[in-house]
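Treat the numbers as computed from the prediction; the structure is a model and nothing was measured.
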Amino acid sequence: MSKTLAGRRVLTIVSNYGVEHDELVVPLAHLRSSGAAVTLAAVKKKKVQTLVGDKELGDRFKPDVTLDDVDPAKYDLLLIPGGTLNADALRLSERAMKIVRSFTSSGRPVAAICHGPWALVTADAVNGKTLTSYASLQTDILNAGAAGWKDEPVVVDDAGGYTLITSRDPDDLDEFLGAIDTVLG
């Protein structure tokens with residue numbers, strides 16, 4: 001694969017339990033094989049336990065750094081994978097919310113899939129945006145001031161000072177990664 005994203009830096013934020021396996025593994029492999037430097041930041045330094053379908057245990061990964069130790073200013077894009085438990089835990093992390101706000105306030109792109117947009121809702125970063133997500137988040141997103149919610153594989157919105165890339169679930173990973181490639185490339 002060509003190194004079309006060489007020189008680009010991606011920060012991926014997760015909790016230590018419950019991130020959806022494919023929503024973490026597939027983007028990390030794709031971005032790294034495209035030449036991007038990807039950092040996996042977790043709430044704690046202990047291993048990240050993924051889940052498949054929010055139920056079955058998936059692989060475990062050692063994070064590169066904790067959320068407290070990462071400097072978000074050094075990255076070109078923020079990636080927020082889903083997983084119900086992961087997304088809910090991130091929403092409760094003030095440090096995760098500060099990282100999200102760092103990207104949105106500085107105009108750098110954010111890519112969130114499945115339940116990942118919950119972090120954007122809590123960070124007050126969806127106002128005026130049109131996005132997609134796992135279907136059960138639609139009401140939360142609209143109540144948080146989003147301009148709209150679409151049932152589409154990927155939605156890219158440049159309104160409001162930063163680019164937001166969103167997808168519904170692991171079945172949309174090809175479209176999601178294509179949109180990330182376009183925005184970063």
Side-chain angles (χ1 to χ4, degrees), residues 10-28 30-31 40-44 48-61 67 77-101 103-104 109-160 162-180 183:
V10 176
L11 176 61
T12 303
I13 60 171
V14 296
S15 67
N16 291 89
Y17 185 85
V19 63
E20 181 65 31
H21 182 270
D22 285 354
E23 293 172 7
L24 176 64
V25 173
V26 174
L28 266 56
H30 171 82
L31 291 164
L40 178 60
V43 174
K44 298 177 183 174
V48 173
Q49 176 65 64
T50 66
L51 295 178
V52 178
D54 282 333
K55 297 174 187 167
E56 303 297 323
L57 293 177
D59 295 329
R60 294 176 52 171
F61 299 90
L67 297 180
L77 179 130
L78 176 63
L79 174 63
I80 310 172
T84 308
L85 297 173
N86 172 65
D88 197 45
L90 283 179
R91 294 179 348 143
L92 297 174
S93 166
E94 185 53 40
R95 180 62 183 154
M97 295 304 94
K98 286 180 181 177
I99 291 169
V100 171
R101 290 183 198 109
F103 276 84
T104 61
V110 175
I113 186 168
C114 197
H115 285 81
W118 257 348
L120 298 159
V121 167
T122 302
D124 196 27
V126 298
N127 193 37
K129 293 281 197 189
T130 298
L131 59 154
T132 192
S133 65
Y134 192 75
S136 66
L137 275 64
Q138 178 180 1
T139 301
D140 293 345
I141 289 167
L142 294 173
N143 285 341
W149 183 92
K150 295 182 177 182
D151 185 12
E152 296 179 2
V154 68
V155 175
V156 179
D157 188 313
D158 294 321
Y162 78 99
T163 300
L164 177 59
I165 305 160
T166 53
S167 277
R168 300 173 298 192
D169 57 46
D171 292 336
D172 300 330
L173 280 166
D174 287 341
E175 294 90 342
F176 183 62
L177 295 172
I180 291 171
V183 168

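Residue Asp22 comes nearest to Pro170 through the heavy atom pair CB-CB, 4.4 Å, listed as atom of the first residue, atom of the second, then distance. Of all heavy-atom pairs spanning Pro109 and Phe103, the tightest one is O-CD2, 3.8 Å. For the pair Val48 and Ala42, the tightest heavy-atom approach, listed with the atom from each and the gap, is CG2-CB, 3.8 Å. Smallest separation of non-hydrogen atoms from Gly116 and Ala87: N-CB, 4.3 Å.
Under the side-chain contact (heavy atoms from CB on, under 4.5 Å) criterion, Ala89 pairs with Ser15, not counting sequence neighbours. Tyr134 meets the ring pair (Phe, Tyr, Trp, His ring centres under 6.0 Å) test with His115; sequence neighbours excluded. Checked against side-chain contact (heavy atoms from CB on, under 4.5 Å), Ala119 has the following partners two or more places apart in sequence or in another chain: Ile80, Met97, Val100. The side chain to side chain donor-acceptor pair (under 3.5 Å) search around Thr132 returns none, not counting sequence neighbours. Applying the side-chain contact (heavy atoms from CB on, under 4.5 Å) test to Asp158 and every residue at least two apart in sequence or in another chain returns Val156, Thr163. In this structure Asp174 satisfies the side chain to side chain donor-acceptor pair (under 3.5 Å) test with no other residue, sequence neighbours excluded. Partners of Ser133 by side chain to side chain donor-acceptor pair (under 3.5 Å), not counting sequence neighbours, listed by chain and number: Trp149.
A side-chain donor-acceptor contact under 3.5 Å links Glu23 to the backbone of Gly82. Here the side chain of Thr166 pairs no donor or acceptor atom with the backbone of Ile113 at under 3.5 angstrom. Under a 3.5 Å cut-off, the side chain of Asn16 and the backbone N or O of Lys44 do form a donor-acceptor pair.
Residues in residues 118-144 take part in these salt bridge (Lys or Arg N to Asp or Glu O under 4.0 Å) pairs, two or more places apart or across chains: Lys129-Asp157. Within the structure, the salt bridge (Lys or Arg N to Asp or Glu O under 4.0 Å) test picks out the following pairs touching residues 81-92 (sequence neighbours left out): Asp88-Arg91. Contacts classified as salt bridge (Lys or Arg N to Asp or Glu O under 4.0 Å) and involving residues 144-156 (residues at least two apart or in different chains) are given here: Asp151-Arg168.
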Per-pair distances, 0.1 Å, donor-acceptor, side chain in residues 50-61, under 3.5 Å, sequence neighbours excluded:
residue, atom, partner, partner atom, Å
Thr50, OG1, Asp59, N, 3.0
Thr50, OG1, Asp59, O, 2.7
Asp54, OD1, Thr84, N, 3.1
Asp54, OD2, Thr84, OG1, 2.5
Asp59, OD2, His21, NE2, 2.9

Problem set entry | Worked verdict on Leu78 versus Ile99 for side chain to side chain contact (heavy atoms under 4.5 Å, CB included) | CA-CA 9 Å; Leu78 176 63; Ile99 291 169; 4.1 Å; yes
